[in-house]
Every structure is written in structure tokens, then in C-alpha cells.
Amino acid sequence: MTISLESVGFAYETAGRSSPMILRNIDLTIAEGEFLILLGPSGCGKSTLLRLVAGFDHASEGRLQIDGKPISGPGKDRGMVFQDLESALYEWLTVRENVEFGLQIDGVPRQERIERRDAALKMVNLLDHGDKFPDALSGGMKQRVQIARMLAMRPSIMLMDEPFASLDAQTRQILQNQMVSIWTEVGGTAIYVTHDIREALNLGQRIILMSAGPAANIKHSYDVPMDYPRKQSDPLYIDLLERISADIEEEVSKVWQ
Amino acid sequence: MAVIDQSKPAKVGGATKWVLAANLISPLSVLIGLLIWEVGARLFIDPFFLPPVSAIFLGAVELHQQDLLLTHISASLVRILGGWILGSLVAIPIGLLVGSFLNAKRIIDPYIHFLRFIPAIALVTLFIVWFGVGELSKILLVMYATAFIVMVNTATGVVTIHQNKRLAARTFGASMWQIFWRVTIPAAMPSIYVGMRLALASSFLVIVAVEMLAAESGLGYLIWTSKLYFKIDWMFVGIFLLGFLGLLTDYSWKMFGKHVIGRFVRSAANY
């Protein structure tokens with residue numbers, strides 16, 4: 001499924017009055033099967049852009065389409081992993097029940113539901129923790145439950161909003177590797193929001209660097225023609241790291257002045 | 001429903017002893033309090049004003065021999081629990097509605113916030129005129145005292161549900177109705193549970209007031225009429241029983257929260 005954005009702009013509307021533009025003139029085409037990174041300083045509207053693709057918010061300007069059909073709301077073709085550790089899971093359901101929840105909503109028959117649930121839990125190495133409630137899990141495990149519940153739905157597009165941002169560095173590293181192998185296995189398009197340049201380089205095939213808000217825009221697009229797992233000692237990795245760092249620093253300093 | 005038990009048995013011998021000792025602190029505290037009362041009442045205070053604990057206990061025995069004790073207890077308890085449950089059954093759907101739909105809130109909110117500041121006690125005489133001196137007026141008053149507390153807590157519980165919970169359900173293709181049943185209601189359960197717990201205390205408050213004004217039975221009636229016979233010890237029996245029944249019903253509700261609906265309210269049932 002190809003996602004295309006044409007001169008997309010967004011402003012929050014409250015009581016008929018619109019606030020200043022958060023995003024403006026975003027043109028972007030995401031090919032089927034691509035792992036795309038939205039990178040930018042905090043507050044630049046990259047999460048907002050992801051929410052537009054998810055269908056949670058509606059663009060104030062321009063057009064968003066999936067395979068030529070306009071996005072009118074959330075749909076089963078797009079799964080979402082939220083940044084917040086505490087709010088997205090259902091705390092009254094066990095890990096297993098959380099993963100099964102979407103399948104039940106979707107009316108998947110019981111036997112298939114169990115198979116898909118267990119397969120998804122296996123992919124994130126949580127098969128042994130199925131009976132636990134979310135409040136007994138670590139932050140990293142909670143995010144893996146979110147990933148598993150998305151995988152169980154088999155969406156063709158995976159949307160991830162800084163899923164590992166609030167985890168410690170070691171856990172983040174491990175989960176990034178796990179993410180790559182999951183994506184390699186299940187395929188599909190992935191859009192991943194982050195403010196961490198290394199994370200972007202570890203995961204993405206293409207990195208979209210956004211300018212600082214308000215009225216944020218796409219500043220540059222970087223292709224990352226490297227095999228997985230990415231080596232941080234690779235000259236190309238180092239070169240891209242330096243260029244993107246300089247690029248993003250320019251944006252951050254704009255905000256500070 | 002799963003039973004969640006967070007208290008694990010202590011493994012080390014010394015720790016087990018300490019847990020046992022810790023469990024004795026509350027009973028011991030109560031025992032010492034009663035003892036101070038007994039001694040104080042015997043030595044320093046006119047027993048007519050403050051009878052010693054032993055006299056109150058004998059008063060209770062006396063009431064029981066006249067078949068009055070259980071009559072009064074059950075009369076009050078039926079009114080309290082009946083009104084509390086019925087009041088909650090009315091209040092929870094309204095609270096869910098008000099919390100979920102802006103237009104429902106616009107229509108119902110003014111009534112909630114006007115009525116909830118009129119104490120049930122202010123309505124006792126009116127309800128007796130309207131619904132008679134029988135059980136109906138009493139149960140309705142307890143319902144009234146209960147309903148607004150549960151309503152406000154339920155609605156608050158609904159509006160504080162994090163939007164990510166609903167958004168996640170929408171990515172699974174959930175309908176508004178499915179979200180209401182499978183996300184909104186379970187997520188609001190802790191607030192409903194706490195609201196009902198607070199409302200239980202209000203039920204006690206109002207039922208005593210009603211029973212003092214217009215009843216032939218109940219603990220409020222017992223306390224009120226004891227004055228006529230100068231039976232201060234019976235008065236204390238009534239007062240004691242109110243506290244004791246409150247403790248007992250509250251504890252039962254807590255155990256219900258912990259063990260029956262534990263997966264929904266387990267952290268709210270910890271205090």
C-alpha cells in the first residue's frame with residue numbers, strides 16, 4: 001500500500017478558531033514495504049503527522065491517501081504503537097488478553113485468535129508472560145505488548161510513535177534490533193517517529209528530517225542504503241550521523257534563538 | 001474473574017513472625033482504647049453521661065433478650081444496603097452517559113450539580129409527605145444520598161480515561177458501542193468502585209436522620225427513643241453498632257473489590 005501526502009497542513013481547531021499551523025506543505029510518498037523514519041526536534045509536529053496517517057486527526061489542508069483512497073479515520077490496515085507506557089494498554093486485561101483484544105473486536109474465530117495471539121507474543125518474546133497484568137511489567141515489556149497486539153492484527157502499515165523513547169539505553173538497543181528482525185519477518189510498511197538520530201540510522205531505510213515548528217515542514221530526506229544490522233563503525237553510518245546531526249542542530253538552534 | 005493477591009506469604013521465619021506481630025497492632029490498639037474508656041468511665045466520669053464499655057455491652061445483651069437488637073440492626077441495614085445498591089444502579093448509567101457524551105452532559109449536568117448540594121436530610125420531611133412513613137421514603141432518601149456521589153465519581157472516571165485507550169481500540173476497528181462496553185466501562189470501574197465506597201458512608205448518615213424523625217425501628221430510632229427512657233447505655237449500643245456496621249460493610253466492599261472484581265479495581269481496593 002502506497003501512502004501519499006500532498007501539501008498537507010494541520011492546525012488544531014478549538015471552538016471554530018484555529019491555532020497557528022503546526023504542519024504546512026508536507027509532500028511525501030511512502031512506498032509499500034518501506035521503513036520510513038520521521039526525525040526532528042521535539043515539538044516539530046512529527047507525532048502530529050503520524051496521527052494524521054493513523055486517521056486520529058484530520059488534515060486542515062492538502063490530501064492524505066492510501067492507494068489513492070483518502071484517509072477518513074483509523075482503520076485495521078494501520079496499527080499503532082503509542083509512546084506512552086502507561087496509557088495505551090488495558091490494565092484490566094492480562095498480556096494475552098491485551099493482544100487478543102483487537103482480534104476479538106475484529107470477530108476473528110477463537111482458534112485462529114489463539115494462534116495469531118501466540119505467534120505475536122512469540123515474536124516479541126513474551127510467550128512466558130501471558131498471564132501477567134500490565135502493571136507487573138517493565139517499560140520495555142509493556143512496549144513489546146503494544147507491538148505484539150499490533151502484529152496480531154497483521155496491519156499492512158505499522159505506525160510507531162517514539163515507542164522506545166522512555167526506556168533505558170540498553171533496552172532501547174535490544175528492542176531496536178528486535179524491531180528490525182520483526183519487520184524483516186512480517187514485512188509491510190513502517191513509519192517510525194523518533195528524535196534520536198542513532199535510532200533513526202539503526203532502523204530506517206529513509207529518514208525524513210523535519211524542520212522546527214511552528215508550520216513545520218520536511219527539511220531533508222536521507223536514504224540509508226545499508227544492510228541490517230547496522231554497524232555504527234561503518235563509514236557511511238558515521239558520515240550520515242554527522243550530516244544529520246549538523247542538520248538537526250541547525251533546526252534546534254532556530255528554536256532557541 | 002482472576003483473584004489478585006498481592007500479599008505474598010513471607011518466606012523467612014523471622015519475617016513471618018514480624019507479619020504476625022504487625023497484624024496484632026490494630027486489635028491491640030482497639031483493646032487499649034476500650035480499656036482506657038472502661039477505667040476512665042468507672043473512675044472519673046458520671047456513668048449516666050458516659051457508661052463504661054461493660055455497661056454498654058450489658059445494654060446490648062438486654063436489648064437482645066427483648067428481641068430488639070437484631071430487629072433494629074436488620075431494619076437499618078436493609079434500608080442502607082437497599083438504597084445504596086438501587087441508588088448506584090440508577091447513578092452509574094447516568095454517570096457513564098454524562099461522561100461519554102457532551103450533549104448528555106449539557107442536558108443533565110445542571111441538575112446534578114444543583115441537586116447534589118441539597119442534603120438528603122433537608123428532604124426527609126418532604127419525602128415523608130410525598131411517599132409516606134413506610135420503607136419507600138427511607139429507601140428513596142438513601143438512594144438520593146448515594147446517587148450523586150456515585151454519579152459524579154463515575155463521570156469523572158469516564159472523562160479521565162486516557163484517549164490512547166480509545167484510539168487503540170479504533171485502530172482495531174472498534175465501533176463506538178464496542179468502545180463504550182469494552183474500554184469505557186472497565187476503565188471507569190475504579191472510579192465507580194471508589195464512588196460507591198464513599199456513598200456508603202452517606203447512606204449511614206441519612207438513614208439515622210430519617211429513623212430519628214419517622215420510624216418504628218432502626219438504629220436511629222433506637223438512639224432517639226433511648227433518650228425517652230434515660231437509657232444512655234442503649235444509646236451507646238446504637239452508636240457503637242453504627243460504627244461497627246460501617247466498618248463491616250466497608251470491609252466487605254473492600255474484599256469484594258479485591259477478590260471478585262480485582263482485575264478492574266485492584267489498586268483502588270488497596271486502601
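For the numbers below, each heavy atom of this structure counts, side chains included, while hydrogens, waters and symmetry mates do not. Below, read A as the first sequence line, B as the second, and so on, with proteins coming before strands; counting in each chain starts at 1.
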Is there a donor-acceptor pair under 3.5 Å between the side chain of B:R170 and the backbone N or O of A:P74?
no
Chain B contact via [X] - which portion, at a heavy-atom distance below 4.5 Å:
{"X": "A:R51", "result": "side chain"}
{"X": "A:L89", "result": "backbone"}
{"X": "A:Q83", "result": "neither"}

Do you know which of B:S267, B:P190, B:A169, B:A187 has the most heavy-atom pairs with chain A at a distance under 4.5 angstrom?
B:A187
Euclidean distance, A:K76 NZ relative to B:F172 CZ, rounded to 0.5 Å
12.0 Å
Roughly how far, to the nearest 0.5 Å, is the CE atom of A:M150 from the OG1 atom of B:T171?
9.5 Å
Within 45 degrees of the ring normal and closer than 6.0 Å to the centroid, is that where the cationic atom of B:R266 sits relative to A:F133?
yes
Residues 173-185 of chain B vs chain A, non-hydrogen distance cutoff under 4.5 Å, contacting residues -> B:G173, B:A174, B:Q178, B:R182, B:V183
So which atom in B:A168 and which in A:A88 form the shortest heavy-atom distance, rounded to 0.1 Å?
CB-O, 4.4 Å
Answer yes or no: are there more than 12 heavy-atom neighbours, outside B:Y111 itself, under 6.0 Å from its atom OH?
no
Atom NZ of residue position B:K105 - does it have more than 12 heavy atoms of other residues, nucleotides or ligands inside 6.0 Å?
no
Check whether any side-chain heavy atom of A:W92 lies under 4.5 Å from a side-chain heavy atom of B:V265, and answer yes or no.
no
Looking at B:K165 and A:E86, is any side-chain nitrogen of the basic one under 4.0 Å from a carboxylate oxygen of the acidic one?
no
